[in-house]
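A short worksheet on the structure shown next.
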Amino acid sequence: MSGYARLAVLTAFAAVVAYVLGEALPYTDPIPAAITAAVATRATFHHAAKETVFQTLGALMGAAVALVIVSLIGSSALVIFLLVLLCFALARFLRLASPEESPFVAASMAVTVILVVGTHFTTELAIERFLGVALGALCALGASAVAAPRKDTRVLAADIDGMKDSLSDLLARMAKGLRETPDRATATAWREEAVELRNQAIGLTARWEDLASHSRWSPRIDPDELARMKVELDAASVMSARVLSIASDLTRAAGASAPSLPAAAVTPLADLMAMAADNIAAEDPATSIGRTQAHDAVRGAEQTAQLALIGGIVSNLNRINEASSEAHDA
């Protein structure tokens, strides 16, 4: 079952469970319970945790403030107007989210407030509707936990390790292919794969930032684990960028009009790439390796353009080794 279909089934199931429990429990309105469960269920637990907090806060705030307003001015459309304005004020001044997200948070809270206030507002109805919202929020939280049974940080860490393995594999294949004088088509394929890995690193960074921005809402997110993961992710991003730079250099070197690698430098460079590939996947990577091969590669340059090309590749490989060590230290 796809993630979308699983989320659809779990959302529907959460709404049904919330409605049935709302009917069975005393002083609980099943309609707000079902609506809240459908609105708050998310594909990731930290998003669901954040949404349930907003829904419950909106219900509590709406019931309390509405009772005060109704007791002063009576029940009217003005009550809805004031409550929605209050939601926007709270979202901004309590800093429940970033300034960019505040309007969406306020709108979510306003929906819950209107749901709680409803029609024929009384103290008894406020309690029933608030308990319904709280019940729906709990059902949404449970459904979201089932939708994402693994910790989001654990999934992200596994994906970072997978990307590092892919970088190691690509660099190893580039080292092997370099010994056989690759043509432009082969070098271009390496560069395209390197671009995909660089884009993957950007996507992983966006996922980390999403987890970091929601960490205070979810007990499943450990701030210390996030900090360690950030170091590993930064190192992996550096490695992906450097591998892309090397692949681009090899693509240019394979062109007819660009300076090609001298024969004397091919083997030392290939050895350096193989060492860096092994270093990425090593349990205890070294900061600097292959100095002899680096000197041999540079000595093989016959022109200034070749020297610049080889020097750039060697520099990128050294930075990859440093990044591997930094990730291990984290």
Side-chain angles (χ1 to χ4, degrees), residues 6-91 94 96 104-149 214 216-220:
R6 183 172 62 253
L7 180 62
V9 171
L10 289 172
T11 301
F13 183 74
V16 169
V17 171
Y19 183 85
V20 172
L21 291 178
E23 283 191 323
L25 295 174
Y27 309 109
T28 306
D29 193 333
I31 299 301
I35 293 175
T36 304
V39 169
T41 301
R42 295 289 187 273
T44 55
F45 185 83
H46 59 281
H47 284 152
K50 177 181 178 180
E51 189 63 28
T52 54
V53 170
F54 291 158
Q55 296 290 341
T56 306
L57 179 63
L60 180 61
M61 183 269 302
V65 176
L67 283 172
V68 175
I69 295 177
V70 169
S71 64
L72 295 176
I73 64 176
S75 181
S76 65
L78 180 60
V79 176
I80 302 296
F81 177 78
L82 294 176
L83 288 174
V84 172
L85 286 181
L86 183 61
C87 289
F88 276 83
L90 285 175
L94 293 182
L96 297 175
F104 304 102
V105 172
S108 177
M109 292 176 60
V111 169
T112 308
V113 167
I114 294 173
L115 187 63
V116 171
V117 174
T119 58
H120 309 295
F121 186 73
T122 63
T123 303
E124 292 77 12
L125 286 176
I127 294 174
E128 291 180 1
R129 292 166 183 169
F130 169 73
L131 291 178
V133 170
L135 175 62
L138 290 176
C139 291
L141 204 59
S144 300
V146 175
H214 295 86
R216 60 174 173 166
W217 305 107
S218 175
R220 296 171 67 179

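In what follows, every heavy atom counts, from backbone to side chain, and hydrogens, waters and symmetry copies are set aside. If you're wondering where the values come from, they're calculated on a predicted model, not measured in any experiment.
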Ile127 side, atom CD1; Leu131 side, atom CG - distance, nearest 0.5 Å: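 Spacing of CD1 (Ile127) from CG (Leu131) equals 7.5 Å.
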Sequence neighbours excluded - side chain to side chain donor-acceptor pair (under 3.5 Å) pairs with any residue from residues 16-34: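 Every side chain to side chain donor-acceptor pair (under 3.5 Å) pair that includes a residue of residues 16-34, provided the two are not neighbours, is Tyr19-Glu23.
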Pair listing, side chain to side chain donor-acceptor pair (under 3.5 Å) test, anchored in residues 131-140, at least two apart: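 Sorted pair list comes back empty.
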Pairwise side-chain contact, Ile31 with Ile35, heavy-atom cut-off 4.5 Å (strictly under):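 Heavy-atom side-chain distance check passes, below 4.5 Å.
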What heavy-atom pair brings [X] and [Y] nearest, and what distance separates the two atoms?
X      : Y     : value
Ala137 : Thr36 : N-CG2, 3.6 Å
Leu135 : Gly22 : CD2-N, 3.5 Å
Ala140 : Ala37 : CB-O, 3.7 Å
Gly136 : Ala18 : CA-CB, 4.1 Å

